[in-house]
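Shown below is the structure under consideration.
Chain naming here is simple, since letters A, B, ... match the order of the sequence lines and numbering starts at 1 in each.
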Number of protein chains: 2
Amino acid sequence: MINNELSKHAVLSQWIKENIENNTFKIGEKIPSENELASRFMFSRQTVRQAIGTLVAEGILVREHGRGTYVSLPGKKASAEKAMRIGVITTYLDDYVFPSIIHGIEEILTDNGYTLSLGITHNRPSDEENCLIQIMQSGVDGLIVEGTKSALPNPNGRLYEQIKEKHLPIVFINGYYRGYNDSYIILDDVKAGEMLTDILIDNGHSLIGGIFKSDDLQGIGRYEGLLKSIKKNNLTVNDSSIIWYTTEDFSYFFEGRMDKIILDRLNGVTGVVCYNDLVAAALVRLLKRNGKSVPEDLSIVSVDNSFLAKHMVCNLTSIVYPGKKIGKKAAQLLLQHINHSQKPEHVILEPYVKIRDSVKKLP
Amino acid sequence: MINNELSKHAVLSQWIKENIENNTFKIGEKIPSENELASRFMFSRQTVRQAIGTLVAEGILVREHGRGTYVSLPGKKASAEKAMRIGVITTYLDDYVFPSIIHGIEEILTDNGYTLSLGITHNRPSDEENCLIQIMQSGVDGLIVEGTKSALPNPNGRLYEQIKEKHLPIVFINGYYRGYNDSYIILDDVKAGEMLTDILIDNGHSLIGGIFKSDDLQGIGRYEGLLKSIKKNNLTVNDSSIIWYTTEDFSYFFEGRMDKIILDRLNGVTGVVCYNDLVAAALVRLLKRNGKSVPEDLSIVSVDNSFLAKHMVCNLTSIVYPGKKIGKKAAQLLLQHINHSQKPEHVILEPYVKIRDSVKKLP
DNA sequence: ACAAAAAAGATGTACGTACAAGTTGATATA
DNA sequence: TATATCAACTTGTACGTACATCTTTTTTGT
């Protein structure tokens, strides 16, 4: 080569690439034959073969003896190669419910020869962005995602659209972004909130408070359930008895400095619906610090039925959070999407409650 | 081709492959030049180029213009390509300590642009085998492994040797297989057992029992520490007061059917060193079922300082298990191995104990 | 109308030539 | 001695030819 320009085969392979991206050569369809390209570009057939050869090596084209050269399907290459992998992105891991979800996912995946890549977002959209980019770059066949801050508008919308463009199957758990018609698996949080509130009311409570997380759909849903139950039973709710917190201020809220404010806001209330066992445990400790006990001074109900619910000073009445079931279901659904690419499916699991002794029966 | 034999270029590329596997062509070194191979095999240079070309596409060889063709280094290809990944294999996940380990690992890895592939063995060697095969096939740059049944001879030794042959860095956590000089990070379990026993003895206890897991090194180590403390304080231990269990029979042991036997074996004992908080919690429930309480009737010390230790009916005195620290350290060590391939390092973390109120002071 | 055979057209293998371009070490020169 | 040059060897590009092999379409024979 006398000049600094690209070699002929490089020019040709780039030209083919561009035509694929322009959708001139559509995926799965045949590109012009070697001889035609040779005569069209006035290159020798060997040079054309070299150009096509590099694209075949990259997995962009597929040669079929006697038939022609075709634009390869995006998923085809990975599945034809070796071990398949799917990405799992959760908000936390060292909280109590997540391991069971991952465990459920892992069980299904290994049974089907898949490996699991894990990312943790700490419920921060910026971390979610990093996780998505990293995991996608490393090449996965599908994603199971617990979205960050699912109650707020999706901050990584652009990324999720890119995923869709790549035809990468995705299943959301514990929440979903409104407006995207993706598969998701959630617990019926409204029902859960309603069931818990019903229990308090059935035990004679009429002034009911709540502590909820405001930045994910689960918190909103459980609060909605509380309202539903209150309305159904012709009671009213005092807005100041509903305490909202976000991911960022949880530890700040319950570490002692806010004790007075919280107790004041729950003043008069006899039963509290807690977002989850972690909140319930924090509330129990808060009450203990201030000389009060559960259920004598305050009844508490909660969601998750975790370690905490079983082993705390006062055993919590708690909605069973079927983490493993959700994980398994999510993995099964994703594998269906990968293998048969069917319509999005929305699974809403019915909650059921484990009654313990954190609710006092009022006369 | 008139016959059913392999094509010439296929013969040649296979021949080169075999020579690499035979170590005739050593990694990083030059293979014979195209012209030499052509004349040696009586093939044309184009045919030789085709043979080499396929191996280059597979990442086995690297061509360098003007210099020659070299056998590529195994790690080179992956790192030159795209996202890097390391495999993490743990025994469990839905137990309480593992999420913190994973969390620590994940933190370091994402900071360095790595992704994490997860496998769970349930402490079963057969599952470990599957995990290792799957994760290795999917291509990782290194492994962090919590070996199954580390107290027993390594059942997947052949696999671990294969890993070594591939020069794949590996770091063990919570245990290691004797005889393999690999990097590992463990808590000083002997010291942990000794410290716990010391606490009981310092509080006036002289008849001390223990419940330990027999199939991993941690159990053995903690028992060894107990013996050390007993000996140091000129006491003796009654062998029947030391209860051993294995992974498989944990639930069977503590579900109720064995209550009498266990209580009988702990008869006379005033303090018990438990393998971990899970065992301690099970023991507390067992005692409660049988009308006894902690620490009034029996003092208990344990390892992990988990959720359970903090929230149980009786707050446990427990050795702090620094899961996140172990995870972070393991990831850092592995990255060092990947980038600078240095000697194996053995990190033994000093335990420290969180005193709570599960030990009664005897006169 | 159907089936077998032939033709046409695609990729696969294999050899050949020629020259370009990068790398290395030996040689000649200052 | 240091430096520049050159020769030898390496891989890279490009064209050419010939035939094999597989697939699809067309033709032909019944």
Side-chain angles (χ1 to χ4, degrees), chain A residues 1-17 19-20 25-26 28-73 76-77 80, chain B residues 1-17 19-20 25-26 28-73 76-77 80:
Chain A
M1 297 220 303
I2 230 110
N3 49 18
N4 271 334
E5 289 168 21
L6 284 174
S7 55
K8 291 191 180 182
H9 71 258
V11 168
L12 180 52
S13 60
Q14 200 170 307
W15 180 83
I16 295 172
K17 254 186 184 170
N19 274 289
I20 291 170
F25 299 161
K26 295 180 184 94
E29 288 186 3
K30 189 157 46 172
I31 67 167
S33 75
E34 292 174 357
N35 281 321
E36 193 187 330
L37 287 173
S39 63
R40 200 193 297 185
F41 280 81
M42 298 281 279
F43 294 166
S44 77
R45 185 175 154 226
Q46 299 312 315
T47 304
V48 174
R49 276 187 69 73
Q50 192 176 358
I52 291 173
T54 59
L55 297 181
V56 168
E58 285 176 42
I60 294 169
L61 296 179
V62 177
R63 282 206 259 236
E64 293 187 27
H65 193 177
R67 296 191 64 216
T69 305
Y70 295 79
V71 181
S72 78
L73 307 160
K76 209 77 181 181
K77 182 189 146 204
Chain B
M1 298 223 305
I2 231 110
N3 51 16
N4 272 335
E5 287 169 21
L6 284 174
S7 55
K8 291 191 180 182
H9 72 258
V11 168
L12 180 51
S13 60
Q14 201 170 307
W15 180 83
I16 295 172
K17 254 187 183 168
N19 273 290
I20 291 170
F25 299 160
K26 293 178 185 95
E29 288 185 4
K30 186 152 54 167
I31 68 167
S33 75
E34 293 174 356
N35 282 320
E36 193 187 328
L37 288 172
S39 64
R40 201 192 296 183
F41 279 81
M42 298 282 279
F43 294 165
S44 78
R45 187 178 152 223
Q46 299 312 315
T47 305
V48 174
R49 275 187 70 73
Q50 191 175 359
I52 291 173
T54 59
L55 297 180
V56 168
E58 286 177 43
I60 295 169
L61 296 179
V62 177
R63 283 206 259 235
E64 292 187 28
H65 193 175
R67 294 190 66 217
T69 305
Y70 296 78
V71 180
S72 78
L73 307 160
K76 208 78 180 181
K77 182 189 147 204

Requested in this report: Scan residues 34-46 of chain B against DNA chain D and write down, sorted by residue number, each residue with any heavy atom closer than 4.0 Å; if none is found, say none.
Outcome: B:E34, B:N35, B:R45, B:Q46

Report task. Please tell me which of the listed nucleotides, D:dT10, C:dG12, C:dA14, lies nearest to the side chain of B:S33? Result -> D:dT10

Requested in this report: State, yes or no, whether a side-chain contact exists between B:E58 and B:K17 at a heavy-atom distance under 4.5 Å.
Outcome: yes

Query raised in the report: Does A:T47 place a side-chain N or O at less than 4.0 Å from the phosphate oxygens OP1/OP2 of D:dT13?
Result: no

Query raised in the report: Are B:T69 and B:L55 side-chain neighbours, meaning at least one heavy-atom pair lies under 4.5 Å?
Result: no

Query raised in the report: Does B:S7 put a side-chain nitrogen or oxygen below 4.0 Å from OP1 or OP2 of C:dG12?
Result: no

Query raised in the report: Atom NZ of B:K8 and atom C1' of D:dC19: how far apart are they, to the nearest Å?
Result: 13 Å

Query raised in the report: With a 4.5 Å heavy-atom cut-off, do B:I16 and B:F25 have their side chains touching?
Result: yes

Report task. Provide, to the nearest angstrom, the distance between the NZ atom belonging to A:K30 and the C1' atom belonging to D:dT25. Result -> 11 Å

Query raised in the report: Could you give the CZ-to-P distance, from B:R49 to C:dT13, as a whole number of Å?
Result: 16 Å

**Report entry** Distance-minimising heavy-atom pair for A:R40 and A:P32
**Finding:** NH2-CG, 3.7 Å

Query raised in the report: Do B:R45 and B:N35 come close enough that some side-chain heavy atom pair is under 4.5 Å?
Result: yes

Query - A:I52 versus A:R63, closest heavy-atom pair with distance - result: CG2-NH1, 3.5 Å

Output one line per pair: protein atom, nucleotide atom from nucleotides 22-25 of chain C, and distance, for all N/O pairs under 3.5 Å.
unit_1	atom_1	unit_2	atom_2	d
C:dG22	N2	B:G66	O	2.9
C:dT23	O4'	B:G66	O	3.3
C:dT24	OP1	B:R67	NE	2.9

Report task. Take A:I60 and A:I20, measure what side-chain contact (heavy atoms from CB on, under 4.5 Å) needs, and give me the verdict at the end. Result -> CA-CA 9 Å; A:I60 294 169; A:I20 291 170; 3.5 Å; yes

**Report entry** Residue pair B:I31, B:L61: steps toward the side-chain contact (heavy atoms from CB on, under 4.5 Å) verdict
**Finding:** CA-CA 9 Å; B:I31 68 167; B:L61 296 179; 4.0 Å; yes

Report task. Round to a whole Å and report the spacing from CG of B:L55 to C1' of D:dT11. Result -> 16 Å

Query - Distance-minimising heavy-atom pair for B:A51 and B:S13 - result: O-CB, 3.6 Å

Report summary line: Taken to the nearest whole Å, CD/A:Q50 to C1'/C:dT11 is 17 Å

